Amino acid sequence: MRDYDCIVIGGGHAGIEAASAAAREGFSTLMITQSLDAIGRLSCNPAIGGLAKGNLVREIDAMGGVMGHLIDQSMIQFRILNRRRGPAVQAPRAQADKFTYSRNAKELLEHTPRLSLFMDTVTDLIVEDGAVCGVVTQRGWKISSRTVALTTGTFMNGRIFIGEWDAPCGRLGEEAAFGLGDSLRRLGFDVGRLKTGTPARVRRSSLDFDELEIQPGDEEMLPFSFDYDCVDRPQLDCYVTWTNEETHRIIRENISRSPLYGGKIVGKGPRYCPSIEDKVVRFPDRERHQIFVEPEGVSTEEMYLNGLSSSLPEEVQHEFIRTLPGLRHCEIMRPAYAVEYDYLNPLDLYPSLESKRLRHLFIAGQTNGTSGYEEAAAQGLVAGINAALSMRGEEALILKRSEAYTGVLIDDLVTKGTKEPYRMFTSRAEYRLSLRHDNADIRLTRLAYEKGSAGKEKLERLEEKMRMMSDLKESLRAYRERGKNGLQLLKEPETSIEDLAVRIPRLSAFSVPVQREVALDIKYEGYLARQEAEAESLVKKEAMKIPQDFDYDSLKGLSSESREKLKQVRPVTIAQAQRISGLRVSDIALLMMGVRHWRGKGDQHK
């Protein structure tokens with residue numbers, strides 16, 4: 001088998017973005033996955049987007065990624081979450097036809113130039129002089145490459161649990177990947193265990209819909225991709241039901257049979273997406289918990305019980321699920337289960353997502369301790385871009401916290417690490433008002449174009465949008481009413497862009513998304529200016545680089561705890577060092593003086 005520039009291990013959401021990015025950058029790329037039929041599988045919730053996650057998807061699209069296209073082609077319901085709240089915490093979310101999504105993902109990769117797909121299991125890495133230079137597969141292939149992107153998801157030494165039963169699987173019915181985790185341990189990687197889970201799927205025709213609350217989608221379906229102006233697809237309803245005291249009683253009586261509480265699972269699960277057992281135990285005073293009943297596709301009977309993940313025995317699942325209104329006669333098609341898997345400590349990564357332990361190895365997705373398709377895809381895209389840039393000998397793409405949720409995500413991982421599945425929230429972003437989902441293209445597309453990830457058409461589309469926004473502002477500036485121009489009127493809380501569009505006929509020439517984005521920029525101009533000033537202060541500290549060979553042991557007055565944290569993270573900049581948990585202001589002051597002195601010594605030797 002011939003050699004490649006980049007090998008991507010895994011065909012999940014991180015792998016899709018990494019492989020397509022490396023190929024898009026002009027490098028021969030091979031994706032190796034255990035099953036070609038499982039590429040892009042929505043193995044848990046068949047939905048894309050949500051709070052902060054929707055922002056990630058739009059950032060992925062702005063940088064040339066494919067997730068936005070895939071969900072736009074497969075959505076069966078669309079909603080803007082938090083519509084009644086401020087723009088900083090609003091986000092798009094779409095229910096997907098999971099079969100269409102996965103099929104389109106595979107077809108997209110198959111038609112990507114310079115990208116090949118191969119079905120096998122990677123069991124080892126080929127290493128020379130501290131750098132990865134290829135992989136070994138289960139069937140004995142040795143394939144060399146200049147870079148490797150590791151995106152194994154929940155499959156590396158994966159094991160699923162349903163009550164007393166467990167089996168080596170990455171997903172129910174799909175084999176786990178063995179060998180690679182042990183190889184990474186031998187190479188000195190810090191490998192831990194995490195846990196996630198998924199709820200049961202029930203048969204649509206067995207549900208009593210008159211007992212369920214309907215949750216329809218928005219009338220207007222907005223695209224995730226900036227390449228589309230609209231989405232025209234049929235929408236399906238979702239539904240809501242609630243647990244009750246009888247549900248909780250059955251769970252409490254059988255809690256000892258849960259592998260979570262019986263000691264069989266050692267990996268920590270996601271704090272913000274707990275199993276129903278966790279909810280009942282941790283919130284004993286709650287009388288009920290909300291459950292969303294969501295379709296998995298247009299042509300399937302399977303319905304997803306969002307909020308009801310579990311690892312209790314199947315007979316217990318049957319008993320407690322049938323206590324819920326609307327589900328009293330339900331037929332369970334797939335049981336809920338928990339899955340435990342290997343992950344790698346993300347503190348061992350540079351902000352480029354390249355490994356500190358092994359050069360030319362890039363790691364992304366749940367392998368880094370994250371949860372969620374969107375977090376995985378964002379990392380995969382950055383890993384693929386940076387693998388390409390490293391092969392060109394160019395500077396890596398490092399997104400700042402003030403530039404993108406993707407920057408917040410990666411900085412959190414490589415600076416603070418994680419001991420539980422990391423999930424993105426709007427509250428994690430200090431500059432969230434600037435990081436709206438509608439302006440991701442303005443923030444990132446030009447940068448992605450310069451790095452070779454976004455094409456010229458995407459840049460031209462952005463430039464046309466910028467021209468339209470500028471023209472719209474000029475139209476508002478030219479309008480006068482009550483001694484104020486349109487820009488000043490729009491800053492009034494009671495005046496909306498829709499109000500002004502009635503009074504200013506010229507505004508009808510501009511698309512609704514352009515009108516809304518201009519309105520938000522104007523209404524929040526003062527807040528945005530303050531955030532921009534804060535971001536500029538941060539940029540100065542980001543510019544103060546810390547040499548990678550800096551000797552932290554030479555810093556006098558630094559506590560041993562702070563010294564160990566700095567040596568473990570090895571921050572790239574002073575700003576990153578400031579974000580390491582537990583470091584004091586005095587530690588940073590010492591570090592800044594030490595770096596200046598270190599540089600001075602280097603200059604003397606030149």
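The model shown is predicted, which means the values in this text are computed figures rather than measured ones.
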Novice: Check for a donor-acceptor pair, side chain of Asn55 on one end and backbone N or O of Leu435 on the other, with a separation under 3.5 Å.
Specialist: yes
Novice: Any side-chain heavy atom of Arg41 within less than 4.5 Å of one from Arg171?
Specialist: yes
Novice: So Asn82 and Gln90, side-chain hydrogen bond (donor to acceptor under 3.5 Å, both in side chains) or not? Walk me through it.
Specialist: CA-CA 5 Å; Asn82 278 351; Gln90 292 180 5; over 6 Å; no
Novice: Are the side chains of Tyr337 and Ser309 in contact, using a 4.5 Å heavy-atom criterion?
Specialist: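 No. Closest side-chain heavy atoms not under 4.5 Å.
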Novice: Looking at Met67, is its backbone amide N or carbonyl O close enough to the side chain of Glu17 to form a donor-acceptor pair, meaning the two atoms are under 3.5 Å apart?
Specialist: yes
Novice: Hey, are Asp72 and Arg233 close enough for a salt bridge, meaning a charged N less than 4.0 Å from a carboxylate O?
Specialist: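 No, no charged N to carboxylate O under 4.0 Å.
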Novice: Are more than 12 heavy atoms, taken from residues, nucleotides or ligands other than Arg446, located less than 6.0 Å from that residue's CZ atom?
Specialist: no
Novice: Applying side-chain contact (heavy atoms from CB on, under 4.5 Å) to Leu476 and Val518, what does each step give before you reach the verdict?
Specialist: CA-CA 10 Å; Leu476 289 169; Val518 166; 4.2 Å; yes
Novice: Testing the basics here: between Ala336 and Ile162, what is the closest heavy-atom pair and its distance to 0.1 Å?
Specialist: O-CG1, 3.7 Å
Novice: My understanding is that only residues two or more places apart in sequence, or in another chain, count here; which of them pass side chain to side chain donor-acceptor pair (under 3.5 Å) with Arg461?
Specialist: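 Only Asp229 meet the side chain to side chain donor-acceptor pair (under 3.5 Å) criterion with Arg461.
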Novice: Please determine whether ring-ring contact (aromatic ring centres under 6.0 Å, His included) holds for the pair His248 and Phe320, giving the CA-CA distance in whole Å, both sets of side-chain angles, and the decisive distance to 0.1 Å.
Specialist: CA-CA 8 Å; His248 302 172; Phe320 77 71; 9.7 Å; no
Novice: Should the pair Arg516-Glu220 be classified as a salt bridge under the 4.0 Å nitrogen-to-oxygen rule?
Specialist: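 A salt bridge links Arg516 with Glu220.
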Novice: Give me the atom names and distance for the closest heavy-atom approach of Ala338 to Ser311.
Specialist: CB-CB, 3.7 Å
Novice: Taking atom CD of Glu287 as the centre, does the number of heavy atoms from other residues, nucleotides or ligands within less than 6.0 Å exceed 12?
Specialist: no
Novice: Under a 4.5 Å cut-off applied to non-hydrogen side-chain atoms, are Glu492 and Lys484 in contact?
Specialist: yes
Novice: Are the side chain of Arg201 and the backbone N or O of Glu302 linked by a donor-acceptor pair below 3.5 Å?
Specialist: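 It does not hold such a pair.
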Novice: Whether Arg401 and Asp411 form a salt bridge (side-chain N of Lys/Arg under 4.0 Å from carboxylate O of Asp/Glu) is what I want to check.
Specialist: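 Here Asp411 pairs with Arg401 in a salt bridge, since their nearest N and O are under 4.0 Å apart.
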Novice: Does the pair Leu222 and Val231 meet the rule for a side-chain contact (heavy atoms from CB on, under 4.5 Å), with working shown?
Specialist: CA-CA 6 Å; Leu222 301 176; Val231 174; over 6 Å; no
Novice: Quick one: does Ser74's side chain have a donor or acceptor within less than 3.5 Å of a partner on Leu70's backbone?
Specialist: yes
Novice: May I ask you to decide whether Glu403 forms a salt bridge with Arg443, counting only side-chain N to carboxylate O separations under 4.0 Å?
Specialist: no
Novice: Check whether Ser453 reaches the backbone of Met63 with its side chain - one donor and one acceptor, N or O, closer than 3.5 Å.
Specialist: yes
Novice: Just wondering, are more than 12 heavy atoms of other shown residues or ligands nearer than 6.0 Å to CZ in Arg506?
Specialist: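 Check fails, neighbour count at 12 or below.
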Novice: Looking at Arg328 and Asp208, does any basic side-chain N land under 4.0 Å from a carboxylate oxygen?
Specialist: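 So Arg328 does not pair with Asp208 through a salt bridge.
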Novice: For the residue pair Phe224 and Phe78, does the interplanar ring angle fall in the parallel (under 30°), tilted (30 to 60°) or perpendicular (over 60°) class?
Specialist: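 Answer is perpendicular, since the angle exceeds 60°.
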Novice: Quick one: which residue pairs count as a ring-ring contact (aromatic ring centres under 6.0 Å, His included) with a foot in residues 450-495, not counting sequence neighbours?
Specialist: none
Novice: If only atom types and distance count, is the side chain of Asn439 paired as donor or acceptor with the main-chain N or O of Glu517 below 3.5 Å?
Specialist: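 It does not hold such a pair.
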Novice: Minimum heavy-atom separation for Gln317 to Ala200, with atom names?
Specialist: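 Here Gln317 and Ala200 meet closest at OE1-CB, 4.1 Å.
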Novice: Looking only at heavy atoms, which two atoms of Tyr405 and Ala52 are closest? And how far apart?
Specialist: CE2-CB, 3.9 Å
Novice: How long is the gap from CD on Gln77 to CG on Asp97, to the nearest 0.5 Å?
Specialist: 13.5 Å
Novice: Kindly write out the residues that satisfy ring pair (Phe, Tyr, Trp, His ring centres under 6.0 Å) with Phe292, not counting sequence neighbours, or none if the list is empty.
Specialist: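 Phe292: no ring pair (Phe, Tyr, Trp, His ring centres under 6.0 Å) contacts found.
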Novice: Lys523 side chain to Leu490 main-chain N or O, any donor-acceptor pair under 3.5 Å?
Specialist: yes
Novice: In this structure, are over 12 heavy atoms from other groups packed under 6.0 Å from Tyr527 atom OH?
Specialist: no
Novice: Side chains of Ile48 and Glu374: closer than 4.5 Å at any heavy-atom pair?
Specialist: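 Of all side-chain heavy-atom pairs linking Glu374 with Ile48, at least one is under 4.5 Å.
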Novice: Regarding Thr370 and Gln379, do their side chains bring together a donor and an acceptor under 3.5 Å, going by distance alone?
Specialist: yes
Novice: Quick check: do Thr33 and Leu117 have side-chain heavy atoms less than 4.5 Å from each other?
Specialist: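 Contact flag for Thr33/Leu117 side chains = no.
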Novice: Looking only at the side chains, is there a donor atom on one of Thr367 and Thr152 sitting less than 3.5 Å from an acceptor on the other?
Specialist: yes
Novice: So which atom in Gly365 and which in Ala14 form the shortest heavy-atom distance, rounded to 0.1 Å?
Specialist: CA-CB, 4.0 Å
Novice: Would the distance check show the side chain of Tyr341 and the main-chain N or O of Gln366 forming a donor-acceptor pair, the cut-off being under 3.5 Å?
Specialist: no
Novice: Would you please say whether a donor-acceptor pair under 3.5 Å links the side chains of Thr241 and Glu211?
Specialist: no
Novice: State whether the side chain of Glu294 and the backbone N or O of Cys238 hold a donor-acceptor pair below 3.5 Å, judged by distance alone.
Specialist: no
Novice: Taking only Lys NZ, Arg NE, NH1 and NH2, and the carboxylate oxygens of Asp or Glu, determine whether Arg203 and Glu331 approach each other closer than 4.0 Å.
Specialist: yes
Novice: Looking only at heavy atoms, what is the nearest atom pair of Gly170 and Thr154, with distance?
Specialist: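 Nearest pair, atom of Gly170 first, then Thr154: O-OG1, 3.0 Å.
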Novice: Within the 4.5 Å heavy-atom criterion, are Tyr101 and Ile71 side-chain neighbours or not?
Specialist: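 Of all side-chain heavy-atom pairs linking Ile71 with Tyr101, at least one is under 4.5 Å.
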Novice: Mind checking whether Tyr422 and Asp412 have side chains closer than 4.5 Å, heavy atoms only?
Specialist: yes
Novice: Examine distances only and state if a side-chain atom of Gln515 and a backbone atom of Leu507 form a donor-acceptor pair shorter than 3.5 Å.
Specialist: yes
Novice: Do the side chains of Lys400 and Glu430 get close enough for a salt bridge, i.e. N-O under 4.0 angstrom?
Specialist: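 No salt bridge links Lys400 with Glu430.
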Novice: Check step by step if side-chain contact (heavy atoms from CB on, under 4.5 Å) holds for Thr243 and Leu308.
Specialist: CA-CA 9 Å; Thr243 63; Leu308 208 62; 4.1 Å; yes
Novice: Out of curiosity, Leu212 CG to Asp237 CG, how far, rounded to the nearest 0.5 Å?
Specialist: 11.0 Å
Novice: Do Thr247 and Ile251 have side chains that approach each other closer than 4.5 Å (heavy atoms only, starting at C-beta)?
Specialist: yes
Novice: Once rounded to the nearest 0.5 Å, what's the spacing between atom NZ of Lys98 and atom CD1 of Ile76?
Specialist: 11.0 Å
Novice: Please report the C-alpha distance between Arg436 and Asp521 in whole Å, then the side-chain angles of each, then the deciding distance to 0.1 Å, and finally whether the salt bridge (Lys or Arg N to Asp or Glu O under 4.0 Å) criterion is met.
Specialist: CA-CA 10 Å; Arg436 304 192 311 265; Asp521 284 348; 3.0 Å; yes
Novice: Between Glu375 and Lys53 (salt bridge meaning N to carboxylate O under 4.0 Å), is one present in this structure?
Specialist: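 Looking at Glu375 and Lys53, the cut-off is met.
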Novice: Run the salt bridge (Lys or Arg N to Asp or Glu O under 4.0 Å) test on Lys106 and Glu110 for me, step by step, so that the C-alpha distance in whole Å, both residues' side-chain angles and the decisive distance to 0.1 Å come before the verdict.
Specialist: CA-CA 6 Å; Lys106 180 171 182 283; Glu110 288 174 338; 2.5 Å; yes
Novice: Assess whether side-chain contact (heavy atoms from CB on, under 4.5 Å) is satisfied between Gln95 and Asn45, documenting all intermediate values.
Specialist: CA-CA 9 Å; Gln95 203 71 19; Asn45 192 352; 3.8 Å; yes
Novice: Do Asp218 and Arg93 meet the salt-bridge criterion of a basic N to acidic O distance under 4.0 Å?
Specialist: no
